[in-house]
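Input: a single structure, listed below in structure tokens.
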Amino acid sequence: MSARAPEPASDRPLDPESPVAEPKSPIPGAGERIRALLFVVVASFCLQLRQMRGNADWMMPLITTPLLTIVFVTIFLHAGRLELVSYAVLAPAMMAMWSTSLMSAGELISSERENGSLEGLIAAPAPFGLVLFGRIAAVTTLSLAGFAEAWVTGSLLIGEPVPIAQPWHFSAAVLVTVLAMTCWAGVMSSLFVLARSARIFQNSLSYPFFVLGGVLVPVSMLPVWVEVPSRLVFLSWSSDLLRDSMAPVAVDDLLLRLGTITLLGLIGLGLSLFLLDRTLKRVRTTGRLTHA
Amino acid sequence: MLSTVLAAARVARADLKVIYTPMTWTFGWLGRILAQVIFFAVIGVLLEDPDALVYLFVGQAVMVAVVEVFMSLASTTWERGAGTLPLLIAAPGPLWPVFFGRSLQWIPSGVATSCVALFALGPILGIFWEPGLALLAVPVLLVTVVSMYAMALALAAVVLRAPRWRNVTSNIAHILVMLLCGVTVPAPIWPHWIQMVGQLIPLTHGLEIIRGLQASYLGWDLGTAAVLLVGTGLLWALGAAAAFTLFGEAGRRDGSISFAD
């Protein structure tokens, strides 16, 4: 195929209102490239939503969220600690968000591998990383429904709305948490490409991170040797900030804490891009993509 | 029939070996299970109540084995996915012994994880056992897990008709079990009729015995709980056998064996 060379600028009409169109360069410009990449993300996002329709497994964390809320709320009500109900409402929502992200990270790879389409996705010109992020973002966004489910269930159980004292702070914390969650799900997905069975890791990474992320019990209440590594997990910052936003007390260092969650998310993004690049190079070299 | 169960158990063992290596079982699965037990136990720290810590710890340490045997719902439907279900139904033997052996892999794995939680993690968290009573707790745990396996199989026979709901059903079922059987809160907090439902679940009675043994209590009421444990377990086993038989017969009649869901 021959590519047409662009016409020299001096031959073009000088009238800016001239209807003569500029010849199209075979090399896409930056704007066109960004549009194409955005299209990949949006298409992946929509594809994921379509695939999730009618698949109960994808929705599992959201289906179990009300029940888990009952488990936690009844523990605190039985102990006569009504003031901790906000903890019991927040925990299942955070767990749903983490679980859906983890599930999407694992299931995306597993299902594409089982379907025989993983090779095609990786060989396609669209960057695999973007496809992955678009699809994970769809799942993470959907997992926000867990917050509403947990709040409604908790409110019904205590017979009054569970207070969220600082809704704007709460919303900002949720937003940065979703972003960080999407980035870290990308890290997990990159690792799952190499694993024989992503589902083993998918099953294994739930409760250890619920403890380290302090989703129910703040990490400050755990021994110092648990608390220190916990501070490297963005979930611990998110859980603390979300809990503080629900309490009727001013939130300290809001911007610093939002910035920390964002920074940890960006570290996840960098790590996932690095790992994905290395992983794809490796499986392309070894030819063990389907049978990792 | 026993030979059928044993033959199916060989498939179960092979499945377990495919799913886990000793390394991934120990550091992946066992690590996750211990984290689950810690997650619930530390709620006692939040409540500043040492008794709550012990209650939640023992409840979860036993519950994790139930979570594992409830994976039978998924592994039962694997036969459908593998396309072997029509052959199993066409075979001259009854269907239920196949499925009773088919998911046995979860029992030793569940009992092992639960034992590690109860007797290794427990002392680290300050929850101790009298050695003799700990030895007694192991067979009680085994009977509890086997009884809950029977319950899981009964549910699996139903889920065989809609395999895509296997994971959702398993998760909903084990959380309901957690709520009803006194795992996180004592059953008497529920209305009477809910407590009655809980009495039909073997875990309620098994957990009562194990809690008693952990507290160095050996009363006659534990004997009653043991009878109820075995009795409810047998009822669920009978229910599971009947449900598998009905599934096979209904599938033959309407030709839905390979085309459900």
Side-chain angles (χ1 to χ4, degrees), chain A residues 54-81 83-84 87-88 91-92 95 99 102-103 107 114 195-197 199-223 226 243, chain B residues 18-21 23-49 51-52 55-56 59-60 63-64 67-68 71 74 81 162-179 183-186 188-190 261:
Chain A
N55 186 336
D57 278 357
W58 286 104
M59 302 294 176
M60 194 156 64
L62 293 178
I63 293 171
T64 54
T65 293
L67 288 172
L68 274 177
T69 310
I70 297 174
V71 169
F72 296 135
V73 172
T74 50
I75 291 173
F76 293 135
L77 289 182
H78 173 63
R81 300 289 298 272
E83 78 277 11
L84 292 175
Y87 286 48
M95 289 164 81
S99 301
L102 197 59
M103 180 175 283
E107 285 302 312
E114 281 165 14
R196 176 173 65 165
S197 170
R199 289 196 180 105
I200 294 174
F201 294 97
Q202 194 181 307
N203 278 336
S204 309
L205 293 178
S206 53
Y207 276 94
F209 279 88
F210 297 156
V211 176
L212 286 175
V215 299
L216 183 57
V217 178
V219 290
S220 56
M221 300 187 86
L222 302 179
V226 181
R243 270 191 292 267
Chain B
V18 169
I19 296 168
Y20 295 117
T21 63
M23 189 70 94
T24 55
W25 186 87
T26 309
F27 294 102
W29 181 245
L30 181 62
R32 180 256 192 228
I33 286 298
L34 296 182
Q36 179 173 341
V37 178
I38 291 169
F39 177 83
F40 277 90
V42 294
I43 297 174
V45 176
L46 180 64
L47 295 173
E48 298 169 285
D49 180 355
D51 291 340
Y55 190 89
L56 289 161
Q60 278 305 312
M63 183 66 213
V64 289
V67 170
E68 199 154 355
M71 289 183 183
R164 72 194 174 103
W165 292 98
R166 61 191 183 277
N167 293 319
V168 172
T169 310
S170 153
N171 276 277
I172 289 178
H174 84 237
I175 299 175
L176 286 176
V177 164
M178 203 190 289
L179 280 166
V183 175
T184 51
V185 284
I189 74 157
W190 301 112
D261 201 18

Atom [atom1] of [X] and atom [atom2] of [Y]: how far apart are they, to the nearest 0.5 Å?
X	Y	atom1	atom2	result
A:T64	B:N167	OG1	CG	11.5 Å
B:F39	A:F209	CZ	CZ	14.0 Å
A:L67	B:L176	CG	CG	5.5 Å

TODO: Using a cut-off of under 4.5 Å on heavy-atom pairs, state which of A:I75, A:L222, A:V215 scores highest against chain B.
DONE: A:I75

Nearest heavy-atom neighbours spanning [X] and [Y]:
X	Y	result
B:A35	A:V211	O-CG2, 3.5 Å
A:S206	B:R32	OG-NE, 3.5 Å
B:M178	A:V71	SD-CG1, 4.1 Å
A:H78	B:V185	CB-CG1, 3.9 Å
A:R81	B:L47	NH1-O, 3.2 Å

- [ ] Answer with side chain, backbone, both or neither: which region of A:L84 has an atom nearer than 4.5 Å to a non-hydrogen atom of chain B?
- [x] side chain

Identify which of [options] forms the greatest number of heavy-atom pairs closer than 4.5 Å to chain A.
options	answer
B:L56, B:V168, B:V183	B:V168
B:I38, B:N171, B:L30	B:N171
B:I43, B:I189, B:V45	B:I43

Open item on the list: Test side chain to side chain contact (heavy atoms under 4.5 Å, CB included) on A:Y207 and B:V64; report intermediate values, then the result.
Closed with: CA-CA 12 Å; A:Y207 276 94; B:V64 289; over 6 Å; no

- [ ] Let me know if B:Y55 has heavy atoms under 4.5 Å from chain A in its side chain, its backbone, both or neither.
- [x] neither

- [ ] Would you mind reporting whether B:V42 and A:M221 have side-chain heavy atoms less than 4.5 Å apart?
- [x] no

